[in-house]
Amino acid sequence: EGWQAGLAGEALTMAHRMKLQLAACHAAQVAADVVRSVHMIAGTSAIRRNHRFERYFRDVHTNTQHAFISPGRWESVGQWMHGLQPDWPLFTY
């Protein structure tokens with residue numbers, strides 16, 4: 001919906017922005033879950049710095065802490081869904 005609005009030259013509504021935010025947070029969390037599973041399957045060798053899974057594990061979990069997709073953004077969307085002003089400045093006009 002947000003993509004279509006953008007293609008039509010329309011401004012994104014708050015509902016569009018919140019759906020995009022949820023999608024981004026969800027994607028980051030699912031990616032971390034998948035990499036965590038592979039990391040566990042890889043076993044002890046995956047914790048060594050010279051093993052590529054160590055880097056993947058670290059990178060994907062670092063990504064989940066980024067301000068744009070951190071757990072706090074789930075809270076911001078929840079605030080909006082409950083009629084409160086979101087605490088995230090990018091959700092204000």
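Under a cut-off of 6.0 angstrom, the local environment of CZ in R55 is sparse, with at most 12 non-hydrogen atoms contributed by other residues, nucleotides or ligands.
Tracing side-chain contacts under 4.5 Å through hydrophobic residues (I, L, V, M, F, W, Y), one never reaches Y56 starting from I47; they form parts of separate clusters. Under a hydrophobic clustering in which Ile, Leu, Val, Met, Phe, Trp and Tyr are joined whenever their side-chain heavy atoms come within less than 4.5 Å, directly or via other members, V35 and I69 fall into different clusters. No chain of hydrophobic side-chain contacts below 4.5 Å, direct or via other Ile, Leu, Val, Met, Phe, Trp or Tyr residues, connects V34 to M40.
The CG atom of L20 sits 9.0 Å away from the CD atom of E1 when rounded to the nearest 0.5 Å. Taking CD from E10 and NE2 from H16, the interatomic distance works out to 7.5 Å, rounded to the nearest 0.5 Å. Between the CE atom of M18 and the CG atom of L12 there is a distance of 11.5 Å, given to the nearest 0.5 Å. To the nearest 0.5 Å, atom CG of residue D33 and atom NE2 of residue H26 are 9.0 Å apart.
Sequence neighbours left out, the pairs with a member in residues 64-77 that pass side-chain hydrogen bond (donor to acceptor under 3.5 Å, both in side chains) are R73-S76, S76-D87.
When each of H51, R52, R58 is checked for a side-chain hydrogen bond (donor to acceptor under 3.5 Å, both in side chains) with E54, only R58 meets the rule.
For R48, the salt bridge (charged side-chain N to carboxylate O under 4.0 Å, His left out) criterion is met by no residue, not counting sequence neighbours.
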- Task: Dump the intermediate steps for side chain to side chain contact (heavy atoms under 4.5 Å, CB included) on Q29 and C25, then the final yes or no.
- Result: CA-CA 6 Å; Q29 188 59 55; C25 288; over 6 Å; no
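For H39 and F53, the ring centers sit 6.0 Å or farther from each other.
At least one donor-acceptor pair under 3.5 Å links the side chain of H61 to the backbone N or O of F57.
A 4.5 Å side-chain heavy-atom check between L90 and F68 finds at least one atom pair inside the cut-off. Residues F91 and Q85 form no side-chain contact, since every pair of their non-hydrogen atoms from C-beta on lies 4.5 Å or further apart.
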